[in-house]
Amino acid sequence: MKPAFYLTTPIYYVNDVPHIGHAYTTVAADVLARYKRLMGYDVYFLTGSDEHGQKVEKAATTAGETPLELADRVVKRFQALWERLGISNNDFIRTTQERHKKGVAHIFKDILEKGDIYLGEYEDWYCTPCETFWTETQLIDGRCPDCNRPVEKLKEESYFFRMSKYQDQLLAHIESHPDFIQPKSKRNEIISFVKEGLRDLSISRTTFTWGIPVPDNDRHVIYVWFDALTNYITALGYPEATDDYKRFWPVNVHLIGKDILRFHAVYWPTFLMAAGLPLPEKVFAHGWWTIEGQKMSKSLQNVVEPNMLIDKYGVDAVRYFLLREVPFGLDGDFSHASLVQRINSDLANDLGNLLSRSTAMAVKYFNGILPAPAVLNESDLALKRRTEEMIATVDGCLNDMAFSKALQAIWEVISAGNKYIDESAPWTLAKDPALKERLATVMYCLLESQRIVHIILSAFLPATAEKALDSLGCGEERSLVGMAWGGLREGTTITKAEALFPRIEG
């Protein structure tokens, strides 16, 4: 039986339109999902939409529609973008679906019956955009510490979750599982937050109605974060012990933006502890994108719309740039100039040029029929070694979510391929019939190295890699399981590859 691998993106809030930040997380998750499938895993890749809460209710009222109509409209935009970006998710969960509502009501009731949820009264400063209560001391100049917007004093009856009870258990778990929160800087941040002391958490609201009602008390709706986080298990069929739930929970990795780390690394694990359920293996918080050095915001009108990027530069160029430009986990800056630079130098010059030169020579010197290699000399063996070492390097990088480093390792092999052509000079070998065997070996090594490169790249650049592998005459066998040098067979038909990425002038 194949090993199982479960990964998730956050579920995206329907009060927003899809922007580069959403695309970033989802493309990263897609690369990991595709890579694990190449490695022979049975992958469950979940994304979805978070549709409840006061913000959605307010936005819908302003737009003159029901909250569900607003959600339906925005969800279509997310789904259409994921389709364009080639996202290979297995499932798309919506918090308005019955399967989800049933699971949320069940876990709420379960924790209530165990005594870790109780009814009380809440009074504090509330930030509507963040849907978060703050104490007086947490405010900064009387404003919300997260978004810097005004807050209002609210007092309401509320159900509370005994989060304080799980402080020591959570700390012990973080200490004994060093990989639980990544990257390390974020782990330290959460440890100091928890050590400051966890308070019981208000997990219901009575001031609006758009949400999942509290079981047996429908004056209250369940707090949007308690509702939203539960999607990771309701998608697998929780509370039923379905085959998917048994096979895939606990999740291997939750990929999230750093702004929602506390919810995933403090709230979610303590909810699961209270329900007696296994905790996620890893929560990885990536950084934010600024735009030409400025924070992305609607008011600055500098929000980068992914569909426009795809129209202008193509899907795979956008996917490549997002994961190559910035180490995953750090903040990055988006600029059109950097994107064009990456397309022209990495994709057109390095990757595309290598494939078109190699396949053109195979067609010219061997009528497009792959010759058998003779004994490899030192330069051939060096290319072979670099290619084989890269497979292991990429595996290590992707297990650490180091997408940029993985691409760097792949590009070192591409550069080595370009250098190998210049040093072997096939055009000179072709002039001497006595060197035909040497020429055959050079062509074989060049094309075999690229077969391996493009199989790995199919996780990052699916459409591009498919074109490349077609021109290399690769059949259906495109997995990394047991990947070994020598997979290209003598007699395979090679066709001249079209330019994978035309240069962008101007």
Side-chain angles (χ1 to χ4, degrees), residues 317 320 324 340-391 393-394 405-457 460-461 464-465 467-474 485-488 490 492 494-505:
Y320 176 76
R324 177 65 184 87
V340 169
Q341 165 72 23
R342 287 273 178 209
I343 291 170
N344 287 344
S345 85
D346 300 8
L347 299 175
N349 282 8
D350 297 345
L351 181 71
N353 196 23
L354 177 61
L355 186 73
S356 64
R357 285 169 87 188
S358 317
T359 53
M361 287 189 286
V363 169
K364 186 175 178 181
Y365 304 139
F366 294 96
N367 296 319
I369 304 300
L370 185 74
V375 177
L376 306 195
N377 72 14
E378 193 37 59
S379 69
D380 310 330
L381 289 167
L383 182 64
K384 176 178 184 267
R385 260 195 315 272
R386 291 200 76 148
T387 308
E388 289 170 334
E389 284 163 4
M390 176 267 290
I391 301 172
T393 304
V394 167
K405 270 189 185 161
L407 285 167
Q408 206 173 329
I410 296 167
W411 251 255
E412 280 166 13
V413 172
I414 293 163
S415 301
N418 276 314
K419 193 167 173 231
Y420 176 77
I421 293 184
D422 297 340
E423 288 173 356
S424 310
W427 47 89
T428 307
L429 299 172
K431 289 174 185 163
D432 185 348
L435 296 172
K436 189 87 171 171
E437 201 177 60
R438 176 73 202 130
L439 177 61
T441 306
V442 168
M443 290 315 305
Y444 185 89
C445 292
L446 251 185
L447 296 167
E448 173 61 356
S449 175
Q450 286 174 79
R451 176 187 74 92
I452 291 171
V453 158
H454 282 283
I455 287 176
I456 291 184
L457 271 183
F460 293 87
L461 314 174
T464 304
K467 275 190 230 165
L469 291 166
D470 286 346
S471 75
L472 292 169
C474 291
W485 183 273
L488 265 187
E490 173 192 352
T492 298
I494 307 293
T495 50
K496 183 182 181 315
E498 298 301 308
L500 295 177
F501 292 92
R503 283 180 63 80
I504 295 173
E505 306 301 341

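On a predicted model such as this, the values are computed, not experimentally measured, just so you know.
- For Asp350 and Arg342, the salt-bridge test fails: no basic side-chain N is under 4.0 Å from an acidic carboxylate O.
- Heavy atoms only, all atoms of each residue included: Thr492 and Gly473 are closest at CG2-O, 3.5 Å.
- Of the inter-residue distances, the one linking Leu439 atom CG with Asp432 atom CG reads 10.5 Å to the nearest 0.5 angstrom.
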- Is there a side chain to side chain contact (heavy atoms under 4.5 Å, CB included) between Cys445 and Trp485 once you walk through the steps? CA-CA 9 Å; Cys445 292; Trp485 183 273; 4.1 Å; yes

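- For the pair Ile504 and Gln341, the minimum side-chain heavy-atom distance is 4.5 Å or more.
- In Lys496, the NZ atom is crowded: over 12 heavy atoms of neighbouring residues, nucleotides or ligands sit closer than 6.0 Å.
- Under the 4.0 Å criterion applied to side-chain N and carboxylate O atoms, Glu448 and Arg451 are assigned as salt-bridge partners.
- Paired with Ser379 under the rule side chain to side chain contact (heavy atoms under 4.5 Å, CB included), one option of Leu383, Asn377, Leu381 passes, and it is Asn377.
- For the residue pair Leu488 and Cys474, the shortest heavy atom distance occurs at CD2-SG, 4.3 Å.
- Counting heavy atoms from C-beta outward, Asn344 and Asn349 have side chains that stay 4.5 Å or more apart.
- Atoms CD and CG, from Glu437 and Leu429 in turn, are 12.0 Å apart once rounded to the nearest 0.5 Å.
- A 4.5 Å side-chain heavy-atom check between Glu388 and Ile452 finds every atom pair outside the cut-off.
- Side-chain contact between Val375 and Thr441: absent, with no pair of heavy atoms (C-beta onward) separated by less than 4.5 Å.
- Taking the charged nitrogens against the carboxylate oxygens, Lys384 and Glu389 have no contact shorter than 4.0 Å, which rules out a salt bridge.
- Contact annotation: the side chain of Thr464 approaches that of Phe501 to within less than 4.5 Å [non-hydrogen atoms, C-beta and beyond].
- For the pair Leu469/Ile455, a side-chain contact is recorded, criterion being any heavy-atom separation below 4.5 Å from C-beta on.
- Taken to the nearest 0.5 Å, the CD1 atom of Ile414 stands 15.5 Å off from the NZ atom of Lys419.
- With hydrogens and angles ignored, the 3.5 Å screen pairs a side-chain donor or acceptor of Ser471 with a backbone N or O of Ala468.
- Interatomic distance, OH of Tyr444 versus CG of Asp380, reported as 12.0 Å (0.5 Å rounding).
- Sorted by first then second residue, the ring-ring contact (aromatic ring centres under 6.0 Å, His included) pairs that include residues 407-434, not counting sequence neighbours, are Tyr320-Trp411.
- To the nearest 0.5 Å, atoms OG1 (Thr428) and CZ (Arg438) are separated by 12.5 Å.
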Side-chain donor-acceptor pairs of residues 351-374 under 3.5 Å, sequence neighbours excluded:
| from | atom 1 | to | atom 2 | distance (Å) |
| --- | --- | --- | --- | --- |
| Ser356 | OG | Gly352 | O | 3.3 |
| Ser356 | OG | Asn353 | O | 3.4 |
| Arg357 | NH1 | Asn418 | OD1 | 3.4 |
| Arg357 | NH2 | Asp422 | OD1 | 2.8 |
| Ser358 | OG | Leu354 | O | 2.5 |
| Ser358 | OG | Gln450 | NE2 | 2.9 |
| Thr359 | OG1 | Leu355 | O | 2.8 |
| Thr359 | OG1 | Ser356 | O | 3.4 |
| Thr359 | OG1 | Ala497 | N | 3.0 |

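- Applying the side chain to side chain contact (heavy atoms under 4.5 Å, CB included) test to Glu412 and every residue at least two apart in sequence or in another chain returns Arg386, Gln408.
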